[in-house]
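By convention in this document, chain letters (A, B, ...) are assigned in the order of the sequence lines, proteins followed by strands, and residues within each chain are numbered from 1. Values in this document were obtained by computation on a predicted structure and should not be read as measured data.
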Amino acid sequence: MSYQKSTFRHPNLPLNDLGLTHQAYEGPLTTLCSGCGHDSIGAAIIQSCHELSIPPHRIAKLSGIGCSSKAPTYFLNKAHGFNTVHGRMPSVATGANMANRDLTYIGMSGDGDTSAIGMGQFAHVVRRRLNMLYIVANNGVYGLTKGQTSATADRGSKSKKGEENLLEGIDLAAMAIQLGATFVARSFSGDKRELVPLLKAALSHRGFAFIDVISPCVTFNNHVDSTKSYDFVRDHIETASVTDYVPVKEEIIASCPVGTECQDICLHDGSIIRLQGAEGSYDPQDRAAAMSALEYKKAEGKILTGLLYVDPSAEDMHEVMDTTDKPLNSLTESALCPGNEVLQVINDSFR
Amino acid sequence: MSYQKSTFRHPNLPLNDLGLTHQAYEGPLTTLCSGCGHDSIGAAIIQSCHELSIPPHRIAKLSGIGCSSKAPTYFLNKAHGFNTVHGRMPSVATGANMANRDLTYIGMSGDGDTSAIGMGQFAHVVRRRLNMLYIVANNGVYGLTKGQTSATADRGSKSKKGEENLLEGIDLAAMAIQLGATFVARSFSGDKRELVPLLKAALSHRGFAFIDVISPCVTFNNHVDSTKSYDFVRDHIETASVTDYVPVKEEIIASCPVGTECQDICLHDGSIIRLQGAEGSYDPQDRAAAMSALEYKKAEGKILTGLLYVDPSAEDMHEVMDTTDKPLNSLTESALCPGNEVLQVINDSFR
Amino acid sequence: MQKLKSVNEFVIRFANVNGTGSASANLLFAKSVFRMGLPVSPRNEFPSNIQGMPTFYEVRVSEKGYLGRRGGGADIVVAMNSQSLARDMRSILPGGYFLYDCTKPIDPKLVRQDVNMIGIPISEICLREYQDPRQRQLFKNVIYVGALAALLDIEFEVLKGLIKDQFKGKEKLVIPNIYALELGHKYASANFECPLAIRVKRSDKVNNHIMVDGNTAAGLGAVYGGATVCGWYPITPSTSVVENFMKYAERLRIDPASGKKNYAAVQAEDELAAIGMAIGGAWNGARSFTATSGPGISLMTEFLGLAYFAELPIVLINVQRAGPSTGMPTRTQQPDVLACAYASHGDTKQVMVFPASPKECFDLTAEAFDLAERLQTPIIVMSDLELGMNDHLSEPMEWDDDTRYDRGKVLNAEQLDKLEKFGRYLDVDGDGICFRTYPGTHPTKGAFFTRGTSRDHFAVYSELGDIYVDNVDRLERKFATAAQLLPKPEIIHQGKKSAKAGLIYFGTSTSATLEAVDQLAAKGIKVDCCRIKAFPFALQIEQFIDDHELLYVIEQNRDGQMRTLLINELEQAPKKLIKVVHYDGLPITARFISESIEEHQQGTAGKKSPLTAASR
Amino acid sequence: MQKLKSVNEFVIRFANVNGTGSASANLLFAKSVFRMGLPVSPRNEFPSNIQGMPTFYEVRVSEKGYLGRRGGGADIVVAMNSQSLARDMRSILPGGYFLYDCTKPIDPKLVRQDVNMIGIPISEICLREYQDPRQRQLFKNVIYVGALAALLDIEFEVLKGLIKDQFKGKEKLVIPNIYALELGHKYASANFECPLAIRVKRSDKVNNHIMVDGNTAAGLGAVYGGATVCGWYPITPSTSVVENFMKYAERLRIDPASGKKNYAAVQAEDELAAIGMAIGGAWNGARSFTATSGPGISLMTEFLGLAYFAELPIVLINVQRAGPSTGMPTRTQQPDVLACAYASHGDTKQVMVFPASPKECFDLTAEAFDLAERLQTPIIVMSDLELGMNDHLSEPMEWDDDTRYDRGKVLNAEQLDKLEKFGRYLDVDGDGICFRTYPGTHPTKGAFFTRGTSRDHFAVYSELGDIYVDNVDRLERKFATAAQLLPKPEIIHQGKKSAKAGLIYFGTSTSATLEAVDQLAAKGIKVDCCRIKAFPFALQIEQFIDDHELLYVIEQNRDGQMRTLLINELEQAPKKLIKVVHYDGLPITARFISESIEEHQQGTAGKKSPLTAASR
Ligand SMILES: Cc1ncc(C[n+]2csc(CCOP(=O)(O)OP(=O)(O)O)c2C)c(N)n1
Ligand SMILES: Cc1ncc(C[n+]2csc(CCOP(=O)(O)OP(=O)(O)O)c2C)c(N)n1
Ligand code: SF4
Ligand code: SF4
Ligand SMILES: [Mg+2]
Ligand SMILES: [Mg+2]
């Protein structure tokens with residue numbers, strides 16, 4: 001229903017390095033419930049891509065099935081999108097990336113789509129270190145099928161019908177770290193201030209970047225006794241360290257705010273992640289430390305957000321596979337077909 | 001080809017509490033390669049079940065597809081077995097256990113069967129804390145399909161053809177701990193001394209017990225440069241703590257060998273796991289400690305074996321679901337069918 | 001201007017915004033007509049979305065008992081969604097009535113001259129009566145029901161009764177709801193000449209019938225059928241089958257002594273796991289089932305092949321929806337007939353039953369467990385969204401308390417003792433069904449290895465050709481046995497001797513087909529009827545085909561999948577079986593059927609695109 | 001006693017223990033016959049096991065060029081497996097020759113009086129000649145090949161040549177192998193009257209043919225067809241398709257400048273992921289494929305439905321094996337015809353091509369990528385274990401260097417600029433195929449959302465019935481277009497005017513069928529031939545059926561699945577199409593076909609169980 005959307009814009013809207021306005025990154029009007037966390041994630045993605053000046057059509061959006069997987073319809077409509085099947089987006093994203101390593105890949109999934117039916121493919125796309133940004137819009141329920149509890153729901157959290165969840169919730173961020181993801185963060189759709197820099201850093205990271213975004217479902221999982229409600233999350237969030245993203249061009253000028261401790265992590269493209277450690281925070285380049293921090297915060301009943309782990313220098317899948325730099329989908333007969341002479345030699349080997 | 005197997009037995013073979021000899025727990029002659037680690041696991045299972053005096057026919061053997069999944073054919077042939085489909089044994093075991101909580105369930109899988117195609121089902125059977133023993137015969141390779149590298153192969157390990165594996169291997173034991181398994185161990189098919197007590201403890205544990213047994217494939221992955229060969233594993237093994245299993249009846253008499261530190265962990269059925277800590281060992285009831293021990297040993301290039309983590313008091317799936325104590329498959333019309341009178345009342349609610 | 005006139009025969013269509021609680025108000029309306037003794041069929045046309053999109057609810061009232069979708073325009077439209085006003089105006093018949101919220105003036109360009117406008121300032125009334133914005137929204141729906149009561153002459157007492165029933169336990173909600181009804185009723189009575197020329201009149205046509213959806217009935221069928229193990233994964237439109245199974249099991253399946261559950265239902269991680277659990281339960285001697293739709297069927301294919309070949313008795317309830325792929329998740333079709341009949345690679349055949357009413361959803365689901373255990377193979381209950389998720393007028397459910405479950409050929413310890421040698425795959429009596437044992441039955445006898453590979457009579461793995469052939473030929477024998485055990489078709493002959501033409505149909509095409517038969521009769525075209533209830537096909541179906549020169553196979557998919565099965569499995573000449581297919585996602589209509597047949601009879605057929613059918 | 005006599009027409013069967021390296025020795029034998037100018041067809045009957053089980057290797061030598069499995073007993077048996085001696089003795093024809101290791105005396109009870117025993121003390125020789133136990137085992141196989149050379153009059157130079165080729169790069173292995181050959185050769189020459197009455201004689205019947213397996217050819221076809229993205233998961237018998245693709249790509253697809261790979265192949269975690277990767281690659285404009293067998297097909301059904309409905313051009317190579325379920329993983333069949341034709345829930349239809357020789361595996365795999373991109377739908381290449389894993393005499397592979405890949409209807413930036421409005425699902429020219437765009441093509445135009453749900457011409461999600469119908473009817477148009485583009489059947493008429501009866505067959509039933517045609521002709525039964533190469537069916541197939549009174553549909557599955565497709569898709573009367581099915585897991589034989597047809601013609605048919613066929 002995009003037609004309904006007013007296209008009026010203030011004349012002097014900020015332009016990015018490509019001379020594009022925010023609008024160039026938007027999508028049609030959402031059909032998600034008003035207040036759905038997923039739309040806030042979409043807004044943060046729009047802002048991040050705009051501010052990073054990524055050409056919108058050089059982005060590919062992939063998703064599975066679910067309200068969260070519908071969300072990509074409502075941002076970046078100059079980008080091709082692929083609503084695949086439930087839980088199988090990772091394999092399709094892998095094939096897409098194999099075919100063209102030059103696009104920016106954003107995978108958007110849900111907690112059901114990833115932690116239930118998609119668990120196997122998730123584990124393996126992480127392990128292969130596919131160069132993509134994988135976002136789980138985590139609301140602890142199956143929204144589109146009207147409110148069944150998902151595998152990321154916390155133990156003790158109550159469903160809208162009042163049933164208590166008696167199984168441990170799966171922490172996808174912890175799993176991602178363990179399976180070898182090289183950029184892992186957690187955030188909250190209600191906190192754009194934290195989410196946007198994380199998105200920018202993730203998009204600039206080379207390799208597999210995972211962000212577990214807690215994204216409340218206002219219709220089926222925003223009640224008291226839910227641990228994925230706006231209120232509960234706000235009350236239990238604890239930030240590993242405040243993340244700031246410094247793009248390449250600003251590098252020189254940007255400096256650490258006075259009176260604070262900063263850690264700079266340089267990404268593959270020269271941009272910088274600047275961390276202002278909260279007290280008791282650890283070095284997010286230390287895997288073991290990240291794992292135990294997650295363990296202990298969980299024990300305290302806290303939700304640890306922010307950049308959890310990063311390895312800026314790891315190889316991505318194409319480097320591991322040693323694929324040519326040119327996008328495979330751009331190769332033609334000359335590069336692909338060995339020709340008849342070679343074939344006749346091969347024939348001889350079968351005589 | 002069982003007929004080929006000599007059934008001659010020494011007249012005064014040891015009998016267990018059921019008056020059964022070792023033979024009552026055996027199976028037909030194996031068709032696996034001679035020297036295959038999987039058969040050693042089978043032998044250890046036979047010994048453990050015999051010594052624990054579990055009635056063989058009260059055991060159910062389930063497996064997926066693979067040489068490892070064939071292995072159950074060759075032990076406990078008084079027990080029903082189910083060779084399911086590749087990677088899907090966990091769901092079948094779940095259904096079987098739902099139907100009859102009174103049997104002892106042994107699931108035998110391979111590293112391909114579990115860490116590749118079976119990853120999703122593995123994660124969820126762990127999370128549900130199904131009361132079963134889940135063994136992965138881990139050889140880092142697809143044996144039955146003739147030697148493709150599997151997802152548990154270590155980074156840097158070379159295939160028989162000489163190709164180096166460039167991806168991180170998945171540590172199923174670490175995953176099991178993280179996903180909520182309540183008994184997690186690792187062992188080596190070449191070390192019966194360690195494996196048998198672990199199997200006994202796992203079989204006595206109530207809840208999900210997982211053992212990652214490194215089980216070399218003599219045909220496709222036992223060469224130099226393989227990190228799953230007999231030699232490599234022997235050289236790199238490091239035991240978390242020596243495990244001894246003390247069945248209920250012996251409790252009183254058994255005592256800790258002089259000059260050693262012991263830790264006793266009492267299982268649900270009253271039997272005891274007795275640990276003689278190697279130096280620098282941790283309390284296997286401490287989850288975070290277990291996780292970091294795995295991380296650090298891996299960094300050292302060591303293979304940590306023994307009991308890695310245990311929570312003897314956790315609830316199993318049936319307790320979580322609050323199912324009746326009687327096996328569901330034993331219930332009859334009287335317990336299952338509410339009858340016509342009730343149905344007529346229900347009809348009224350639809351008028 | 002023209003005013004449509006009718007008593008007890010009309011269609012009313014509600015246009016709402018989804019997520020605004022309109023469905024329960026619309027059901028309230030439908031139920032009130034039902035309680036006035038009138039056959040009624042409500043249909044919910046909802047989007048695959050949670051909130052804010054156009055949603056429709058169509059109610060057909062028919063004292064004659066025609067309960068299939070009538071199609072064509074509606075007699076009355078209740079237009080409560082400003083987004084879809086134009087479309088809603090188009091959806092009304094000339095002379096029909098257009099009830100709308102006239103608080104804001106309606107765009108004159110939208111107004112049709114051949115339609116009777118009934119403006120009620122619903123928003124205004126709510127604004128005046130209620131402070132809480134949520135109430136203002138909620139009671140809008142109740143108010144138009146009240147207005148309709150006045151306009152269509154629905155007994156107010158009946159509505160009150162329904163409200164009281166609906167809010168049992170939450171009594172304090174009763175008064176305000178009744179008050180809202182009165183608001184609408186008063187306004188309509190005061191401002192319009194009530195009742196309209198179109199209205200209802202109490203009747204006695206519903207006897208002891210009930211109004212329930214097929215999924216609820218199927219869920220109850222599983223409870224009564226003795227299901228104890230359920231693995232499932234949510235998917236529209238099958239989700240409510242299991243939800244209802246659990247809802248009733250929580251009440252009716254609690255062990256009195258311990259208060260514990262006499263059943264186990266696990267929400268699986270996906271459909272592969274869901275059916276895997278059912279298979280594990282079945283292997284272990286518990287009555288086990290799962291339910292799914294659309295993509296779930298495709299994901300279950302590998303396990304369906306295992307269950308066929310390893311001979312495991314599971315029940316799979318397939319509530320079909322419009323395919324292919326994700327297709328139209330909230331639209332109805334019968335498009336999985338072939339996918340289910342030949343599910344999985346290799347030479348596989350699956351047994352299916354086809355319920356046509358909630359009562360049959362109950363009966364066939366319960367019976368499916370007997371059939372599965374008798375035949376030691378999966379039984380697929382082929383329902384669909386129209387049957388499963390819409391309320392239907394149905395005969396009440398019945399249970400014979402003398403029923404004993406048929407657990408099939410299973411040997412217990414005593415029987416094994418008597419046996420010299422147990423062979424899991426020995427066909428001792430030639431029906432293709434062999435004796436099985438449950439794990440844990442006997443200390444030394446009866447254990448065997450279940451596998452998806454070829455095996456001999458004693459369950460030993462084998463790659464020998466003759467052993468393989470012997471086994472798969474036995475499975476064919478078993479399939480022949482199945483054809484005899486399965487529910488027989490429902491055959492209706494118009495006259496003593498059979499007519500030239502016969503109609504073959506199944507499931508939710510039934511009510512429309514029967515209405516079409518009358519329409520055809522009115523035009524002098526006599527046809528006999530054969531409703532398929534199961535696959536493999538019973539002899540009677542073959543007989544019916546032989547008895548007629550021409551057969552119209554009526555189904556709700558593009559490719560005429562049931563026709564394919566008939567041609568292939570009964571070796572029938574395709575020319576003799578005419579495709580009558582409706583597949584736009586809405587339930588098939590009598591008009592579409594009768595017109596298609598009429599055209600074909602007049603030879604004016606030609607490939608008519610169901611596109612037009614969509615608008616019929 | 002009787003001695004079978006024959007020059008250049010016989011079957012020799014090797015019985016070995018698997019995992020002992022016998023296969024390469026047996027291939028050495030087959031290749032030597034091939035290099036003597038004789039048509040030969042080796043077949044490996046191996047167990048689903050790695051080491052220690054009985055395994056068989058049957059070589060048919062036929063100067064006449066009959067290369068299908070002959071069936072019945074063998075003329076010569078080389079019995080190197082003490083486990084299977086009895087069975088091997090049974091597998092020999094009266095008057096045949098039994099070559100065995102006489103180091104240990106053979107149980108007299110096993111010896112048949114009507115068989116010529118050829119004892120060679122192979123173990124003894126090895127014990128004497130070699131110290132290393134591994135060599136003792138290994139050279140056993142080479143020794144019996146040497147003996148056979150003497151017994152059957154194979155030119156020793158030919159064997160030497162083969163050894164030299166085989167060990168290129170490992171020259172130091174050449175001498176010992178030739179020495180081993182000589183050991184066998186010397187012993188046989190010294191102790192038996194060589195050559196036997198059965199023997200080979202140089203000929204010139206193989207021209208420029210090659211000997212290769214279908215999977216190698218298919219892998220090469222993918223390289224030449226321009227495949228760049230491959231997702232796969234190991235499964236017998238399809239594994240070697242991808243292994244060969246990678247093997248040749250590593251040599252032929254390296255970027256000369258950077259030394260990097262001009263392709264990407266990922267071993268997926270399972271078949272769902274494997275086809276998912278192919279779909280992702282295809283969506284993104286790369287030629288993408290996967291290969292699988294048996295259960296893998298079932299697991300790919302959901303994604304096959306998506307690819308059909310979202311119109312994505314992937315190539316799937318299905319190397320079929322004996323089903324259902326895990327079935328017999330190392331036995332051959334054609335049992336997935338239906339599962340693939342109608343793969344996935346909902347109204348789906350898939351395009352298939354059926355290679356019958358290694359050359360066709362190469363050609364059709366390469367062509368499949370053109371067809372996929374032209375038709376924007378999956379193309380399934382239907383091979384099987386017999387074709388894929390056994391070496392076959394085949395015409396050499398050819399490539400026309402002027403070939404340009406047909407990338408189908410794809411719009412680039414310039415074309416989009418010219419376009420006023422891009423509609424992904426606009427059928428501009430009525431062939432049912434619409435223009436697509438690759439992601440990243442144009443800054444502002446051509447982007448769209450690919451989905452498995454119903455959508456309008458502009459790829460916008462829709463639940464409207466007429467939009468849905470319009471779309472799925474277009475897919476039917478596209479399918480009709482496919483029927484015209486696909487490879488045409490190979491039709492052979494015996495005489496000017498067509499015979500009464502015709503044979504319809506495909507894939508690996510071809511050689512046996514053509515031999516059967518001669519056998520029938522010898523008995524005065526004339527039949528015409530139609531080899532199906534693709535589905536949907538070309539007009540010529542319908543024509544062929546119309547031109548004949550009776551058709552025998554020959555296939556290697558239980559249910560006559562291709563016959564089902566013919567009946568259903570071509571609206572043919574079942575009575576006219578006679579099932580000739582062979583499904584015991586071994587390749588079909590000419591004898592089975594001709595005898596079945598003869599019996600049917602004499603009306604003596606009756607349901608003959610292929611059980612007996614197994615032993616034919
Ligand atoms: C194979 C398959 N199974 C089930 C479904 C039904 N289904 C649609 S969305 C969904 C779950 C969505 O949950 P989540 O991924 O958390 O997304 P959310 O709606 O909560 O954002 C399910 C089960 C489906 N579409 N396909
Ligand atoms: C669905 C499916 N895909 C693939 C296969 C082929 N296959 C059989 S065993 C196997 C892998 C076995 O590896 P693992 O589990 O490690 O067992 P191992 O043989 O090494 O003991 C595969 C891929 C199959 N049988 N089914
Ligand atoms: S149901 Fe929940 S997840 Fe779905 S759109 Fe509404 S709020 Fe968002
Ligand atoms: S191939 Fe490897 S895993 Fe399989 S049986 Fe042989 S040694 Fe064991
Ligand atoms: Mg969710
Ligand atoms: Mg393995």
| field | Interface moiety of C/Ala274 toward chain B, non-hydrogen atoms closer than 4.5 Å | value | neither
| query | Nearest heavy-atom pair of C/Tyr263 and B/Leu328: which atoms, and what distance? | reply | N-CD2, 3.7 Å
| Salt-bridged, B/Glu319 to C/Lys260, with N to O below 4.0 Å? | no
| field | C/Glu395 portion near chain B, given a 4.5 angstrom heavy-atom threshold | value | neither
| request: Quick one: which of B/Thr323, B/Ile59, B/Asp348, B/Thr94 has the most heavy-atom pairs under 4.5 Å with chain C, could you say? | output: B/Thr323
| chain C contact via B/Pro90 - which portion, at a heavy-atom distance below 4.5 Å | neither
| field | OG-CG distance between C/Ser258 and B/Asp322, expressed to the nearest 0.5 angstrom | value | 7.5 Å
| From C/Tyr224 atom OH to B/Leu336 atom CG, the distance as rounded to the nearest 0.5 Å | 12.0 Å
| field | Contact class of B/Pro338 relative to chain C, heavy atoms under 4.5 angstrom | value | both
| Can you say whether B/Arg128 sits under 4.5 Å from chain C via the side chain, the backbone, both, or neither, judging by heavy atoms? | side chain
| message | With rounding to the nearest 0.5 angstrom, report the OG to CZ distance, B/Ser63 to C/Arg451. | response | 9.0 Å
| message | Among residues at least two apart in sequence or on other chains, which ones pass side chain to side chain contact (heavy atoms under 4.5 Å, CB included) with C/Asn284? | response | B/Ala96, B/Ala99, B/Asn100, B/Leu103, B/Tyr105, B/Asn329, C/Pro439
| query | Could you state the interatomic distance from OG1 (B/Thr324) to CZ (C/Arg253), rounded to the nearest 0.5 Å? | reply | 11.5 Å
| Quick one: does B/Asn83's side chain get under 4.5 Å of C/Tyr461's, heavy atoms only? | no
| said: As a quick check of understanding, evaluate side chain to side chain contact (heavy atoms under 4.5 Å, CB included) for C/Asp400 and B/Asn340, giving each step before the final call. | reply: CA-CA 7 Å; C/Asp400 174 355; B/Asn340 190 47; over 6 Å; no
| Just by modelled atom types, is the C/Asn208 backbone N or O under 3.5 Å from a matching donor or acceptor in the B/Arg351 side chain? | yes
| query | For C/Leu312, is it the side chain, the backbone, both or neither that has a heavy atom under 4.5 Å from a heavy atom of chain B? | reply | side chain
| request: Could you look at C/Thr444 and say if it's the side chain, the backbone, both or neither that has a heavy atom under 4.5 Å from chain B? | output: both
| query | At a heavy-atom separation under 4.5 Å, does B/Leu62 approach chain C through its side chain, its backbone, both, or neither? | reply | side chain
| said: Counting only non-hydrogen atoms closer than 4.5 Å, does C/Ala273 touch chain B with its backbone (N, CA, C, O), its side chain (CB onward), both, or neither? | reply: both
| remark: When the 4.5 angstrom heavy-atom criterion is applied to B/Ala79 and chain C, the contacting part is backbone
| query | Is chain B contacted by the side chain of C/Thr403, its backbone, both, or neither, given a heavy-atom distance below 4.5 Å? | reply | backbone
| request: Below 4.5 Å from any heavy atom of chain B, which atoms of C/Val206 appear? Answer side chain, backbone, both or neither. | output: neither
| Beyond-backbone contact of B/Phe350 with C/Ser394, side-chain heavy atoms, under 4.5 angstrom | no
| task | Flag the pair C/Trp283 / B/Thr84 as yes when at least one side-chain heavy-atom distance between them is below 4.5 Å, and no otherwise. | result | no
| note | To the nearest 0.5 Å, atom CG of C/Leu306 lies from atom CZ of B/Arg88 at 12.0 Å
| task | Compare all side-chain heavy atoms of B/Val342 with those of C/Trp399 and state whether any distance is below 4.5 angstrom. | result | no
| message | For the interface with chain C, which of B/Glu333, B/Met89, B/Gln344, B/Lys78 has the highest count of heavy-atom pairs at distances below 4.5 Å? | response | B/Glu333
| message | For B/Ile346, which atoms come within 4.5 Å of any heavy atom of chain C: side chain, backbone, both, or neither? | response | side chain
| Top of B/Cys337, B/Gly81, B/Ala335 for chain C proximity - count of heavy-atom pairs under 4.5 angstrom | B/Gly81
| Is it the backbone or the side chain of C/Arg287 that comes under 4.5 Å from a heavy atom of chain B, or both, or neither? | neither
| note | Hits for ring pair (Phe, Tyr, Trp, His ring centres under 6.0 Å) against C/Phe448, two or more places apart or cross-chain, chain-then-number order -> B/His80
